[in-house]
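Note that ligands are numbered from 1 as they come in the structure, with each ligand's atoms numbered from 1 the same way.
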Amino acid sequence: MKILKTIAEMYAERDLCRAEGKRIGFVPTMGFLHNGHLSLVDQCRKENDVTVVSVFVNPTQFGPGEDFDSYPRDIDADTRMLRERGVDILFFPDRGQLYPEGYHTYVEVEELDKGLCGSSRPSHFRGVTTIVLKLLNIVGATRAYFGRKDAQQAVIIKKMVQDLNMESEIRALPIVRDSDGLALSSRNSYLSPEQRAAALCFPRALMQAKQEIQSGLRDTAAVIKRIEAVIADNPLVQVDYISVVSLDRLQPLAVVDLNNTLVAGAVWVGKTRLIDNFILGEF
Ligand code: PAF
C-alpha cells in the first residue's frame, strides 16, 4: 500500500491510473476505522481497479465547541487495517495541504442541509460538501463510497455531484451494527460501558418503529412519538431530534411512504452525540 501525504503525489498516481484506463474507487474517512469503514473498502475493491482511502479529520465540518480536538485518531492502527484489507493507496494529507493559508472557497447544497442534523449542526454539511468535493477532484474518483448511517450526508453529496455535473458515482452502503445493535461509529469509543448499554435504546426504538410501520402504522407523528417514548425511558439518553422525511428531498412527511422514507434521529448520551436511522425504499 502506498501512503501519500501530498496532493501532488496523489495527482501523479491519479494521472497514471487514468492513463492506464483504471477505475479509481474512493473511500473518504476521518480515520479511527471500524468494520463499517471496512465494509465500504471491501465493496470498493470489488467494483474498481484501484482503491484509495483518505484519512483526514476535516476541521470545517466541526462547529464551535464540537469534538474536533478530541476526535479519536490512530493512524498506525488505520494503516495496518487498510494494508491487511488490500487497499492500494492511503491518502493522508495534513491540514495545510487541503486548507492552505488564505483558503476561502466553500460549497453549499441549499435546503437539504437545513433539517435533521443540519438544525443542531448549522455549518456541518457545508464543511462536508467542501471537503468531499475537494477530495473527489484530487483523487479522481470513478466511484466514492459512503455509509448510510450518515444518510443526510449521502443524500446531500449525491445532490452536489448531480448539481455540479461531477463525474464520480456516489454509492451509499448499509449501516453496519455491532452484535448488540448499536450502529458502528468512531464516536462509540467515547461511551463508558454504562452509557453504551443505555445507548442501545436508540437502535431498539428505531427497530420497533420499523416493525410497527411494517404492521401498518403510517402516521409519522405517531412514529416519532413512539420512538421518543422508548428513548425517554432511559435517563442517560436525550433525544436531539427524531424526524420522518422523504428520502430523496429530506422533506417532512405526514404519512409514511413505503418507497421513499427516511426515519432518522440523533441522541445525546452524556457528551456524545450518536446518529442512526432506517430507510424505506431504494437508496
Ligand atoms: O463521513 C465521514 O467520515 C466524513 O463526513 C467524510 C465524508 C469523510 C468527510 O470528512
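Side chains of Thr60 and Tyr106: no donor on one and acceptor on the other come within 3.5 Å. Inspection of the Thr51 and Arg85 side chains reveals no N or O donor paired with an N or O acceptor under 3.5 Å.
Clustering of Ile, Leu, Val, Met, Phe, Trp and Tyr by side-chain heavy atoms under 4.5 Å joins Ile75 with Met1, Ile3, Val27, Leu33, Leu38, Leu40, Val41, Val53, Val55, Met81, Leu82, Val87, Leu90, Phe92, Tyr145, Leu173.
Cation-pi contact between Arg73 and Phe68: present, with separation from the ring centre below 6.0 Å and deviation from the ring axis of at most 45°.
Lys5 is linked by a salt bridge (charged side-chain N to carboxylate O under 4.0 Å, His left out) to nothing, counting only residues two or more places apart in sequence or in another chain.
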Exercise answer, ligand 1 polar atom pairs (N/O) under 3.5 angstrom:
from     : atom 1 : to     : atom 2 : distance (Å)
ligand 1 : 1 (O)  : Gln153 : NE2    : 2.9
ligand 1 : 5 (O)  : Gln61  : NE2    : 3.0
ligand 1 : 5 (O)  : Gln153 : OE1    : 2.8
ligand 1 : 10 (O) : Gln61  : OE1    : 2.6

Sequence neighbours left out, cut at 3.5 Å: what donor-acceptor pairs do the side chains of residues 257-264 make with other protein atoms?
from   : atom 1 : to     : atom 2 : distance (Å)
Asp257 : OD1    : Asn259 : N      : 2.8
Asn260 : OD1    : Leu247 : N      : 3.0
Asn260 : OD1    : Asp248 : N      : 3.1
Asn260 : ND2    : Asp248 : OD1    : 2.9
Thr261 : OG1    : Asp257 : N      : 3.0
Thr261 : OG1    : Asp257 : O      : 2.7

